[in-house]
Amino acid sequence: MVTDELATIVRDAVASACADGTLPSDCMDAAIEIETPRNKQFGDFATNVALALARTVGMSSREVAERLVAHMPLEGTPVASAEIAGPGFINFRLRTDWLHDAMVAVEERADQYGHNTSMAGKRILLEFVSANPTGPISVVNGRAAALGDSLRRLFTACGAEVSTEFYVNDALNSTQIDLLGASLAARYMQEFGRAEAVPTDGYQGEYLIEMARDIAAEVGPVYCDLSPEERSQVFRKLAAERMIAQQREDLAAFGVEFDRWFFESSLYESGEVAAAIEQMKQAGWAYERDGALWLKSTELAGDGQDRVLVRSNERETYVAADAAYHKNKFDRGFTHLVNIWGADHHGYVARLKAGIAALGYDPDRCTIILTQMVLLMRGGELVRGSKRAGDIVPLADLVDEIGRDAARYYCLLTSYETTASFDLETAKRQSNDNPVYYAQYAHARCAAVLRRAEEAGVPLRRASEVDRSLLAHPKELELLRTLAAFPREVRQAAEAMAPHRLTAYVRVIGQALHQYYEECPALKEGVSPDLRDSRLALFETTRTVVANLLGLLGVSAPERM
RNA sequence: GCGCUCGUAGCUCAGUGGAUAGAGCUUCUGACUUCGGAUCAGAAGGUCGGGGGUUCGAAUCCCUCCGAGCGCGCCA
């Protein structure tokens with residue numbers, strides 16, 4: 001990668017200046033950072049190393065920069081010029097043939113262009129959504145789903161081995177599932193005219209009425225004569241199974257599928273929960289009090305208080321199961337765990353980390369991403385959860401209304417750290433105030449030009465074969481510069497676990513493309529065949545990069561719109 | 001009360017300790033006898049919530065205050 005080459009050039013300059021005494025030898029271990037200047041007039045890349053060194057060497061940063069540039073031979077490098085500017089930045093301008101070579105790289109790597117090895121050797125387990133099977137998948141879950149699925153693509157593109165998992169809280173000792181079962185049982189009885197009420201702390205959402213109606217239609221009144229206990233047993237199972245199936249469908253319609261649905265109940269059946277508790281006891285991290293078993297989460301992870309692992313009624317808590325689950329993840333050979341939770345769970349980070357530490361694993365190998373909420377607006381009014389859906393906004397409704405691509409794109413448009421809000425009317429509009437269409441239009445426009453060429457009988461020539469040096473117009477070079485940044489953007493987005501950077505970047509590509517399109521016609525009168533072929537090749541290059549980019553976001557790249 | 005997160009243009013949001021804080025929307029003015037106008041060019045719009053501090057340099061790091069959201073169960 002060209003930034004690595006630049007870093008080497010700078011590092012060599014520092015070493016050379018140290019060697020001949022121009023700079024003190026303790027500059028050797030200076031950290032070399034290559035950045036892209038905010039302002040294009042400062043060139044393609046820059047380094048601030050002179051500013052960083054100025055303090056230790058006791059001279060002005062411009063002076064340091066001058067001495068470094070004097071020790072920087074540029075023959076045979078991609079660098080055309082190295083200039084000192086401002087307080088002491090060294091700005092690099094690259095030769096245009098380096099940009100032209102990027103076209104060949106895109107052509108050779110094709111849909112692998114942008115892939116790199118920055119995360120090679122890592123085995124990452126991404127766990128996300130993991131909504132309780134007590135209601136439909138919500139829009140907030142959708143944000144996590146879009147983020148998790150995009151991270152899977154990003155990590156994979158960076159050479160990591162990635163698995164995705166949805167953790168299903170279906171444990172038999174879950175009071176939530178008890179309530180769900182009791183709520184569904186009541187709805188079922190209501191279908192047959194029995195005046196049974198949903199528990200006051202149960203699930204009031206009307207989706208359970210629909211589910212009860214389905215069950216009633218399928219099996220008839222066979223469960224009416226069971227004892228309440230037996231009926232509750234039947235319905236907790238039925239409710240959970242059907243909710244999970246529904247969740248799976250909703251996520252699939254959103255384009256998100258998991259490598260594995262991991263059932264909490266399996267951890268009890270295998271004895272892993274009991275084993276984990278025993279191990280925590282043996283290690284001295286668990287103690288008895290008031291008839292319950294407690295985890296020393298305060299001492300282990302600075303939690304606000306210790307947490308119960310086993311209640312006095314002998315039921316284990318989800319804390320115990322979660323600890324066992326994460327042990328299970330590590331034992332399967334994953335080197336890094338990433339969990340995506342809603343921000344309302346931030347109070348649970350410390351206790352999970354405590355559980356991981358109590359079982360002898362490094363809590364720092366488990367990253368917990370907390371996503372803030374997403375608020376939907378319609379004409380300036382907040383869209384509220386419906387009673388039908390149990391006071392949430394179902395993801396399925398959003399997908400139905402604005403489509404999968406728009407829903408996913410909007411979920412990835414902003415940093416997960418901020419509470420995002422977006423307007424449904426804008427998201428549906430097919431105009432340029434809709435960022436989804438702007439991104440997809442870039443791809444469709446490239447495809448349109450290439451299609452047009454084909455119709456006119458102009459064969460598309462390979463980027464490696466056309467005369468790339470003909471691409472010397474500022475807009476052509478600017479577009480190439482933008483496309484050549486793709487591998488770096490991918491790497492940085494993966495490192496920061498921030499796919500929203502890519503949605504910002506795709507706009508930059510779109511802008512560069514449209515400007516190029518405006519000023520550099522390929523198929524109009526008066527364009528020489530050689531230039532035409534070079535420009536068509538550049539359209540193909542752009543199309544490939546945009547398709548790869550949209551692919552990382554999980555959004556389709558249409559040929560026509 | 002304690003803890004976590006967040007306050008950036010009228011609106012929605014970017015911004016990795018660096019150069020004159022950037023986009024989109026909105027408003028206004030324009031563009032090619034259309035390789036797709038779902039586009040492009042230009043203008044307008046800022047005490048980066050307030051105040052201290054660290055630093056050669058702070059929207060970014062620290063402290064404090066103000067405001068918003070969330071969390072503080074032998075629920076998940």
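Partners of A/Glu288 by side-chain hydrogen bond (donor to acceptor under 3.5 Å, both in side chains), not counting sequence neighbours: none found. By the ring-ring contact (aromatic ring centres under 6.0 Å, His included) test, A/His473 is found to be paired with no residue, residues two or more places apart in sequence or in another chain being considered. Scored by the ring-ring contact (aromatic ring centres under 6.0 Å, His included) test, A/Tyr318 finds no partners at all (sequence neighbours excluded). Judged as a side-chain hydrogen bond (donor to acceptor under 3.5 Å, both in side chains), and not counting sequence neighbours, the contacts of A/Asn116 are A/Ser118. Taking A/Tyr167 as the reference, A/Tyr325 meet the ring-ring contact (aromatic ring centres under 6.0 Å, His included) condition, with sequence neighbours excluded.
Atom P of nucleotide B/C74 and atom OH of A/Tyr318 are separated by 10 Å, given to the nearest angstrom. Atom CZ in A/Arg445 sits roughly 9 Å away from atom C1' in B/A38 (whole-Å rounding). Rounding to whole angstrom units, OH of residue A/Tyr409 and P of B/G24 are separated by 13 Å.
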Could you list the donor-acceptor pairs under 3.5 angstrom formed between side-chain atoms of residues 414-424 of chain A and any protein atom two or more places apart in sequence or on another chain?
| from | atom 1 | to | atom 2 | distance (Å) |
| --- | --- | --- | --- | --- |
| A/Thr414 | OG1 | A/Arg143 | NH2 | 3.1 |
| A/Ser415 | OG | A/Glu417 | N | 3.0 |
| A/Thr418 | OG1 | A/Ser415 | O | 3.2 |
| A/Asp423 | OD1 | A/Gly379 | N | 3.3 |
| A/Asp423 | OD2 | A/Glu425 | N | 2.9 |
| A/Asp423 | OD2 | A/Thr426 | N | 3.2 |

Name the atoms and distances for all side-chain donor-acceptor pairs under 3.5 Å in residues 508-518 of chain A, with sequence neighbours left out.
| from | atom 1 | to | atom 2 | distance (Å) |
| --- | --- | --- | --- | --- |
| A/His514 | ND1 | A/Arg445 | NH1 | 3.0 |
| A/Gln515 | OE1 | A/Lys475 | NZ | 3.0 |
| A/Tyr516 | OH | A/Arg535 | O | 2.9 |

- Note on the structure: With both pairing distances under 3.5 angstrom for Watson-Crick or G-U wobble, and | for a partner in another strand, the correct string for RNA chain B is (((((((..((((....[...)))).(((((.......))))).....(((((..]....))))))))))))....

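Heavy-atom distances to RNA chain B give each of A/Glu35 and A/Leu370 a nearest nucleotide, and the one nearer the 5′ end belongs to A/Leu370. Each of A/Arg307 and A/Gln372 lies near RNA chain B, and the nucleotide nearest A/Gln372 is the one positioned closer to the 5' end.
Closest approach to the A/Val308 side chain among B/C74, B/C6, B/G18 is made by B/C74 (side chain taken as heavy atoms from C-beta onward). With B/G3, B/C74, B/A19 as the choices, the nucleotide that has an atom nearest any side-chain atom of A/His346 turns out to be B/G3. Looking at the side chain of A/Phe539, the nearest of the listed nucleotides B/G36, B/C35, B/C74 is B/C35. Closest to the side chain of A/Met373, from the set B/C70, B/C40, B/A38, is B/C70. Nearest nucleotide to the side chain of A/Arg507, out of B/C70, B/A19, B/A23: B/A23.
In the region residues 518-538 of chain A, proximity to RNA chain B at under 4.0 angstrom, judged on heavy atoms, holds for A/Glu518, A/Cys520, A/Pro521, A/Ala522, A/Leu523, A/Lys524. Annotation: proximity of residues 509-517 of chain A to RNA chain B (heavy atom, distance under 4.0 Å) is found for A/Gln511, A/His514, A/Gln515, A/Tyr517, numbered in ascending order.
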Anything under 3.5 Å between a protein N or O and an N or O of nucleotides 56-58 of chain B, put it in a table, one pair a line.
| from | atom 1 | to | atom 2 | distance (Å) |
| --- | --- | --- | --- | --- |
| B/C56 | OP1 | A/Arg55 | NH1 | 2.0 |

Polar atom pairs (N or O), protein with nucleotides 10-13 of chain B, under 3.5 Å:
| from | atom 1 | to | atom 2 | distance (Å) |
| --- | --- | --- | --- | --- |
| B/U12 | O3' | A/Ser421 | O | 3.2 |
| B/U12 | O3' | A/Ser421 | OG | 3.2 |
| B/C13 | OP1 | A/Thr419 | O | 3.3 |
| B/C13 | OP1 | A/Ser421 | N | 2.4 |
| B/C13 | OP1 | A/Ser421 | OG | 3.4 |

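A/Asp290 comes within contact range of at least one nucleobase, with a heavy-atom separation under 4.0 Å. A/Asp303 comes within 4.0 angstrom of no nucleic acid atom, judged by non-hydrogen atoms across all strands.
The aromatic ring of A/Phe89 sits over the base of B/A19, with ring centres less than 5.5 Å apart and planes inclined by under 30°. Judged by ring centres under 5.5 Å apart and planes tilted less than 30 degrees, A/Phe42 stacks against the six-membered base ring of B/A19.
The shortest heavy-atom contact between A/Ser183 and A/Val198 is OG-CG1, 3.7 Å.
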